[in-house]
Amino acid sequence: MLADVLQKEGELDDVGPDTDLVEEYGLDSLQTISFLLRIEDTFDVELDYDSLQLSDLRSIRRFAEHVAGLSTAER
Amino acid sequence: MTSGRTAHWGTFDAERWWRPHDLAVLPAVTMPGGRSAVDAMDELLAGFCRPGDVLVTRHPVADVVRDGLAACGITFEPYAVSPAPGTADRPDPGTADGPALSTADGPPVTVDAMIAADPAARERIAACEEWQPYAVLPDTAALAARLGGPDRLPPVSVVAEVNSKTWSDGLVRKRGLPGAARVVRSAGELEAAVLECGFPAVVKDPYGVSGRGALELTTPGVLAAVRRAVGRQEAKGRRVELLVQPVYPKRCDFSGHLAVAPGGRATVLGVQTMSNRGFRHMGSQPADPGLTAVLMRAGYFDVLAEVADALADAGYWGPAGVDSMLLDDGTLIPVLEINARHSLGLLSLRLDEQAREHGLRCRLRQLDLAVPEGADIGTLCAELRRAGCRYGGGPHPGAAVLAGSTLAAPGGRVHCALFSRPDDADRLERQVLAAVSAAGMRPRGEEHAA
């Protein structure tokens with residue numbers, strides 16, 4: 001999904017869980033929002049854009065923790 | 001052209017200041033440093049300056065940038081406004097780069113408001129015979145009134161209206177042009193319009209600009225997420241006004257540029273092709289003769305004349321750019337949106353005029369760079385010079401850094417004018433990217449760094 005948003009299909013094998021997506025891959029605001037919308041669609045969660053922190057989005061690990069937190073809260 | 005001096009200044013995120021406050025917004029995030037990069041773009045207006053003109057900017061133009069511009073014949077009298085404490089341009093200690101995505105850069109302020117608060121800046125502008133703000137915003141109109149020249153600019157209410165995509169879409173419908181969008185005024189209408197249009201569809205804010213305010217809706221789930229976000233605002237009393245269009249399979253993006261005189265007489269200045277990344281502007285260059293011929297056959301220049309008439313009828317005068325698209329199947333979408341202000345395409349066109357005097361053409365290129373600690377715009381300029389590809393005027397090709405004075409770690413934005421022989425711009429661009437790499441910098445999110 002991230003590779004699709006970044007238009008780097010098949011090129012993201014080396015993305016580690018703590019890789020800085022903004023600094024390393026140039027994830028911009030439009031790509032970020034596109035990624036978030038697809039996350040909502042795929043994992044059936046609702047994101048609150050007003051409360052999202054930049055630190056929640058810098059790496060796959062931080063974002064996964066954020067989404068997991070949402071899922072727990074919804075149960 | 002006037003023989004007097006012209007004052008140039010401008011706020012580049014103009015649409016933000018025209019947008020009615022009660023409109024619902026599309027889901028968005030503000031990335032760190034994003035607005036400061038846009039704010040620092042005002043030094044690009046140097047490209048519009050004639051010798052003796054005054055350029056008032058938010059930040060000082062770096063000496064190395066000024067020297068480089070002077071070498072290619074662009075000179076001006078610079079003045080950097082004095083920021084007021086507590087603004088985004090001079091954050092209070094400890095408040096910069098706050099963590100919340102929606103308020104990352106502090107309260108925004110226009111350079112027009114900063115000028116209004118700076119007597120020396122006001123004096124410099126008042127002393128000029130002509131004023132050329134990048135765009136006429138409410139703060140620009142207030143500044144003009146304070147300087148005793150409220151009628152020297154078109155009314156801000158008109159400027160705001162004609163810059164709305166809803167206004168340009170109305171023009172498209174009235175003229176029966178291809179590419180009309182559907183304007184929706186509720187979350188429910190949004191959903192219905194997208195389902196009718198089919199996936200993928202694009203939804204646009206009437207005051208969105210390149211890279212912001214437009215989203216591609218690829219699946220019903222993504223539509224549902226956007227519908228929820230808009231619906232929540234609607235429930236709180238926000239007004240909904242959005243435009244829905246299909247995602248067109250396009251051959252190229254381009255823009256037609258006009259100058260509309262106060263009496264309504266208009267001049268077509270030229271056509272620029274644009275390279276975009278997603279919805280984001282990355283560069284522009286003159287349309288090649290093949291495209292120009294296609295556009296002439298398709299009646300594009302007649303449409304530009306109609307747009308100019310409509311702008312004049314609405315009470316607008318000044319520069320305008322019409323964003324357009326040629327589809328894979330040859331269909332022309334002549335009016336996607338109208339930018340009734342200065343634009344990067346117009347700047348590129350102006351620089352191209354100068355380049356042609358020396359048998360060269362101009363490509364304007366935007367670079368978003370990751371920058372190591374200790375490096376700055378001087379580092380990049382030194383590498384360009386070392387690589388023998390820094391433009392020094394005349395017929396020898398090279399790159400001129402137009403903007404990037406505030407470049408610093410961890411990253412920032414640079415604009416270069418690539419002056420090259422026709423058909424040789426790609427090679428010069430590769431040289432520039434090699435110099436970027438030699439400076440220890442890296443283009444963010446680009447695949448072809450040298």
Side-chain angles (χ1 to χ4, degrees), chain A residues 1-16 18-63 65-67 69-71 73-74, chain B residues 25-35 37-38 97-105 200 203 208-229 232-233 276-280 282 367-372 409-411 442-447 449:
Chain A
M1 194 184 304
L2 186 60
D4 190 32
V5 165
L6 287 168
Q7 297 178 343
K8 289 179 181 292
E9 209 62 60
E11 295 178 40
L12 292 190
D13 294 344
D14 58 341
V15 177
D18 296 309
T19 299
D20 189 317
L21 299 172
V22 176
E23 290 303 323
E24 294 297 317
Y25 287 94
L27 192 74
D28 64 25
S29 55
L30 194 63
Q31 291 167 331
T32 302
I33 199 69
S34 181
F35 179 59
L36 297 177
L37 290 168
R38 292 182 194 205
I39 290 286
E40 287 197 74
D41 181 17
T42 305
F43 298 102
D44 196 25
V45 293
E46 281 190 39
L47 299 173
D48 179 359
Y49 294 93
D50 293 334
S51 67
L52 263 172
Q53 306 287 305
L54 173 66
S55 56
D56 294 327
L57 297 168
R58 287 308 277 249
S59 70
I60 291 173
R61 185 193 305 277
R62 289 300 309 270
F63 188 58
E65 288 169 358
H66 179 79
V67 173
L70 289 177
S71 306
E74 282 169 9
Chain B
V25 294
L26 289 169
V29 294
T30 301
M31 302 305 276
R35 206 179 65 228
V38 174
D97 295 326
L101 287 166
S102 54
T103 57
D105 291 335
V203 57
V209 280
S210 170
R212 291 178 65 105
L215 291 174
E216 192 171 309
L217 306 182
T218 49
T219 65
V222 170
L223 168 61
V226 173
R227 189 199 192 288
R228 275 197 302 273
R232 277 196 290 264
Q233 298 170 72
N276 293 331
R277 177 183 167 200
F279 295 116
R280 186 168 138 204
M282 296 300 288
L367 294 165
D368 286 301
L369 301 175
V371 178
R442 184 171 46 79
R444 284 171 165 162
E446 293 190 38
E447 296 157 12

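Residue numbering restarts at 1 for every chain, and letters A, B, ... go by the order of the sequence lines.
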- prompt: Between A:Leu47, A:Ile39, A:Asp41, which has the largest tally of heavy atom pairs under 4.5 Å with chain B?
  reply: A:Asp41

query: Do B:Val222 and A:Arg38 have side-chain heavy atoms sitting under 4.5 Å apart?
result: yes

- request: Measure across B:Pro27 and A:Ile33 and return the closest heavy-atom pair with its distance rounded to 0.1 Å.
  value: O-CG1, 3.3 Å

statement: chain A shares the most heavy-atom pairs under 4.5 Å, among B:Thr218, B:Thr219, B:Leu217, B:Leu26, with B:Thr219

